[in-house]
Amino acid sequence: MFKKVLIANRGEIALRVIRTCKEMGIKTVAVYSSADADSLHVRFADEAVCIGPAASSESYLSIPNIIAAAEITNADAIHPGYGFLSENAKFSRICAEHGIKFIGASGDQIDKMGDKATAKETMKEAGVPCVPGSEGILETYEDAVTKAREIGYPVMIKATAGGGGKGMRAILEQSELKSAWDSARREAAAAFGNDGMYMEKLILEPRHIEIQIIGDSFGKACHLSERDCSVQRRHQKLVEETPSPFMTDKLRKKMGEAAVKAAEYIAYEGAGTVEFLVDKDRNFYFMEMNTRIQVEHPITEQVVGFDLIREQIKVAAGEPISGKNYLPQMHSIEVRINAEDAFNEFRPSPGMITSFHAPGGHGVRLDTHCYSGYAIPPYYDSMIAKLIITARTREESLDKLERALNEFIVEGIKTTIPFHQQLVKDKMFREGVYTTKFMEDFVLENPTE
Ligand code: MV4
């Protein structure tokens, strides 16, 4: 087992990893930017190294600075958390070259899944269901016209370097294709320096349902059931729950088997997520694979009963997995609390938290790095807490969520708590009949108007 793990991240996930390391008797090294000197991850780690100024590009994204911190402190592994360098193939390879275990995917696996057209081809080879569409990249606009006719409108074009909706366009009829093609390519070139595009049949009002998997260094993988992440706004997840209200035992078995097949085909090592689009008839299609621990991993931990960070560390250290799959024994829901003004387009609201009271009680877990007197820096993402509720049924979870939100006090900044308080009372949400289109139709009432 590792003796010392460096956590190449900040915020709640850095704390989350430190906690598990402590329970496992592993020493921890925090790294921090000058904007995070007062952060709890710095306080709670055994050692802390300042790796640069506030700008992420010169601190949390600086490979030389992080490797230097690991070498100085003699860390034998690096946990990257999510975001930042967690899906950076170059960083994974550089860690390996320095004899530091990267607790995550190999450079080759990250490369394979990071290029979406390649990922899709690989999954098709593995026998995982994919949306009908182009085989690989479309070379010219004329190729796109031909392919769209062949697939049949409506279609979607996607940037191969994309993800998170950038460089992606829905096209309902041929008259829209030219301008969509040009603007998506331009957007992809500017955002990723890669304007490669591929095409798929458009799935109307899909659900976003993902399967958590874990693979070991012996080529064996298992799944830990699904998370429904359909409640999103501009490709930012707001709420995740498991089991999905749309799931059936039969569909879970099929999607779970497909996700395990995907992982074993590439001999995936570590925790990963296979994302699927699910249509109204419960057909499911591979969308993307995330080669990292995700923000929403706690709901899975709550319903299967174990610590995913511990499992990540164990497989990274060469331990085998048990080999069986895990089904949800409870219901769990996570709401992301962001320092944002929900009544003003979810505009970021950084600044000093003057008062902070965490909700508690049975079935309530709060993963956060915040406290009264903590100043949220403006340089990083706006998530300040994850409220994770667990109960025997969805109904009990939602009642408990409503109760917990009502006792959650954050003063000094705007948060998305008021949004969640309205969401939890929404009829459609309560009934569990929501798709990725849900937030487009959701009307938030502004109590001050
Ligand atoms: C789609 C789709 C419909 N049909 N692909 C959005 C992010 C990117 N990773 C893939 N996305 C989509 N791909 C086909 N063929 C609809 C979406 C989509 C979406 C997917 C998951 C969650 C939220 C979404 C919001 C808008 C569009």
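All ligand and atom numbering here is 1-based and tracks the order in the structure.
Salt bridge annotation for Asp111-Arg93: present, with a cationic side-chain nitrogen under 4.0 angstrom from a carboxylate oxygen. Ion pairing between a basic and an acidic side chain is recognised when a charged N comes within 4.0 Å of a carboxylate O; Lys158 and Glu200 show such pairing. The pair Lys178-Asp182 meets the salt-bridge criterion, with a side-chain N (NZ, NE, NH1 or NH2) lying under 4.0 Å from an Asp/Glu carboxylate O. Under the 4.0 Å criterion applied to side-chain N and carboxylate O atoms, Lys253 and Glu257 are assigned as salt-bridge partners. A salt bridge between Glu296 and Arg336 is present, with a side-chain N of the basic residue lying under 4.0 Å from a carboxylate O of the acidic one. Checked for salt-bridge contact, Glu301 and Arg16 meet the test: a charged N lies under 4.0 Å from a carboxylate O. Salt bridge absent: Glu334 and Lys237 never bring a charged side-chain N and a carboxylate O closer than 4.0 Å.
Heavy-atom contacts of Glu200 reach the following atoms of ligand 1: 5 (N), 14 (C), 15 (N) (cutoff under 4.0 Å). Close approach to Gln232 involves these atoms of ligand 1, each under 4.0 Å from a residue heavy atom: 22 (C), 23 (C). The distance from ligand 1 to the heavy atoms of Met156 drops below 4.0 Å at these ligand atoms: 1 (C), 2 (C), 3 (C), 4 (N), 5 (N), 13 (N), 14 (C). The distance from ligand 1 to the heavy atoms of Leu202 drops below 4.0 Å at these ligand atoms: 3 (C), 4 (N). Heavy-atom contacts of Glu288 reach the following atoms of ligand 1: 8 (C), 9 (N) (cutoff under 4.0 Å).
Only the backbone of Lys201 comes within 4.0 Å of ligand 1, counting heavy atoms alone; no side-chain atom from C-beta on gets that close. When non-hydrogen atoms are compared, ligand 1 lies under 4.0 Å from the side chain of Leu277 (C-beta onward) but not from its backbone.
At a 3.5 angstrom cut-off on N or O pairs, His208 does not count as close to ligand 1. Polar contact with ligand 1: absent for Thr436 (N/O pair, distance under 3.5 Å). At least one N or O atom of Ile203 sits closer than 3.5 Å to an N or O atom of ligand 1.
Nearest non-hydrogen protein atom to atom 10 (C) of ligand 1 is Met287 SD, 3.5 Å. Counting only heavy atoms of the protein, atom 25 (C) of ligand 1 lies nearest to His235 CE1, 3.6 Å. Among protein heavy atoms, the minimum distance from atom 11 (N) of ligand 1 is reached at Met168 SD, 3.5 Å. Here the protein heavy atom with the shortest distance to atom 5 (N) of ligand 1 is Lys158 NZ, 2.9 Å.
Taking the side chain to side chain donor-acceptor pair (under 3.5 Å) definition, one finds that Ser59 meets it with nothing, sequence neighbours left out. Here Thr291 pairs with Glu87 under the side chain to side chain donor-acceptor pair (under 3.5 Å) rule; sequence neighbours left out.
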